[in-house]
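Inspection log for the structure reproduced underneath, given as structure tokens.
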There are 2 protein chains.
Amino acid sequence: MQEGTFPSVSSPGVTAPADKAADHGDHSACRAVNDVLSRVGDKWSMRVVMNLDRGPMRFNELRRAIDSISQRMLTRTLRGLERDGLVSRTVTPSVPPRVDYALTPLGQSLREPVQALGDWAMANRAAVEDARTTFDAGCDE
Amino acid sequence: MQEGTFPSVSSPGVTAPADKAADHGDHSACRAVNDVLSRVGDKWSMRVVMNLDRGPMRFNELRRAIDSISQRMLTRTLRGLERDGLVSRTVTPSVPPRVDYALTPLGQSLREPVQALGDWAMANRAAVEDARTTFDAGCDE
DNA sequence: CCGCATCCCTGCCGATACTG
DNA sequence: CAGTATCGGCAGGGATGCGG
């Protein structure tokens with residue numbers, strides 16, 4: 001079931017006559033992909049997801065865990081993830097307010113392909129940095 | 001930036017003991033991961049990579065294939081990919097000048113995990129959009 | 001055909017300060 | 001504790017024009 005093949009946008013025309021069942025409108029599909037990629041490429045989102053993988057966490061707990069993130073960005077990131085249904089927000093109206101964030105099943109399912117990408121990054125970081133050094137040297141000399 | 005590192009290849013069904021994962025303080029690894037994620041999340045890079053997967057392409061060929069990309073952005077994107085060793089640039093000094101871009105082995109290896117992410121996006125785009133709609137409605141109501 | 005340079009506008013992100 | 005509001009810097013990226 002992994003045939004894959006991205007919705008490549010090489011369709012020159014525009015409103016192609018829709019008659020294939022396999023095609024769900026590839027521009028919307030393409031947007032969806034780009035959308036997810038943006039989220040993954042987001043500076044903080046995946047950091048949050050990875051932390052949440054260990055279990056639910058409170059706001060400041062998360063804040064301390066990531067540490068370099070600002071309060072503003074943590075809020076924004078969590079809102080974004082919540083909006084996309086990747087994390088859930090649970091409010092406990094106690095005296096000091098308590099809010100727990102947790103990965104939804106959807107969020108957990110996203111973790112896997114992201115992890116794969118993380119593994120790739122780890123495995124090839126040397127190659128990438130080397131390529132950069134070479135490129136920069138050749139460019140500058 | 002000294003929190004959890006990615007590497008562990010998923011722990012399926014692990015009921016997290018909720019303890020803090022041992023921190024190796026590997027910030028260079030973390031940076032590398034973030035770095036790759038940024039590239040993937042880049043608006044155009046993966047579009048280019050996916051197109052190049054079919055084989056080498058010339059500049060304007062690529063430009064037409066992606067279509068909505070501006071010349072400036074295509075140049076910048078290609079430079080970035082080239083710098084990271086993901087694509088190769090081959091100049092044929094003819095009249096008119098001919099420049100071919102192609103995926104390097106490294107670039108091709110990146111394509112796989114990215115494809116996985118793309119598949120995830122395709123499989124879950126309905127869920128995500130639904131979540132958004134629900135969120136937006138609940139927020140505004 | 002390929003690619004760089006410039007202008008400019010937009011949105012992201014950090015720091016700080018303030019409410020419930 | 002959790003969250004919002006505001007300001008300022010800066011990078012992303014579109015449009016256009018010039019040069020090899």
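Reckoned from all heavy atoms, side chains included, excluding hydrogens, waters and symmetry mates. Residue numbering restarts at 1 for every chain, and letters A, B, ... go by the order of the sequence lines.
Using a distance-only test at 3.5 Å, with no hydrogens or angles considered, no donor-acceptor pair links the side chain of Asp42(A) to the main chain of Ser38(A). Not a single donor-acceptor pair under 3.5 Å links the side chain of Arg47(A) to the backbone N or O of Trp44(A). At least one donor-acceptor pair under 3.5 Å links the side chain of Ser94(A) to the backbone N or O of Pro96(A).
Remark: Asp130(B) pairs with no residue by the side chain to side chain donor-acceptor pair (under 3.5 Å) rule, at least two apart or across chains. Residues passing the side chain to side chain contact (heavy atoms under 4.5 Å, CB included) test with Gln71(B), sequence neighbours excluded: Phe59(B), Arg63(B).
Taking atom CG of residue Asp42(B) and atom C1' of nucleotide dG12(D), one finds them 9 Å apart after rounding to whole Å. Remark: P of dC1(D) and CZ of Arg58(A) are 7 Å apart, rounded to the nearest angstrom. Asn60(A) has its CG atom 9 Å from the P atom of dG3(D), to the nearest Å.
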Let's go through Met57(A) and Asp100(A) carefully: what are the C-alpha distance in whole Å and the side-chain angles of both, what is the deciding distance for side-chain contact (heavy atoms from CB on, under 4.5 Å) to 0.1 Å, and is it a yes or a no? CA-CA 5 Å; Met57(A) 291 179 86; Asp100(A) 283 281; over 6 Å; no
Please assess Val99(A) against Thr90(A) for the test side-chain contact (heavy atoms from CB on, under 4.5 Å), listing each intermediate value before the final yes or no. CA-CA 5 Å; Val99(A) 182; Thr90(A) 310; over 6 Å; no
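Comparing the local axis fitted to the first five base pairs of the helix from dC1(C)-dG20(D) to dG20(C)-dC1(D) with the one fitted to its last five gives a bend of 40°, rounded to 10°.
Protein chain B touches strand DNA chain C; the 5'-most and 3'-most nucleotides with an atom under 4.0 angstrom of its non-hydrogen atoms are dC1(C) to dT6(C).
Scanning residues 70-84 of chain A for heavy-atom distances under 4.0 Å to DNA chain D yields Gln71(A), Arg72(A), Thr75(A), Arg79(A). Near DNA chain D, defined here as any heavy-atom distance below 4.0 Å, the residues from residues 89-101 of chain A are Arg89(A), Pro97(A), Val99(A), Tyr101(A), listed numerically.
The closest side-chain heavy-atom distance from Leu78(B) to Leu62(B) is below 4.5 Å.
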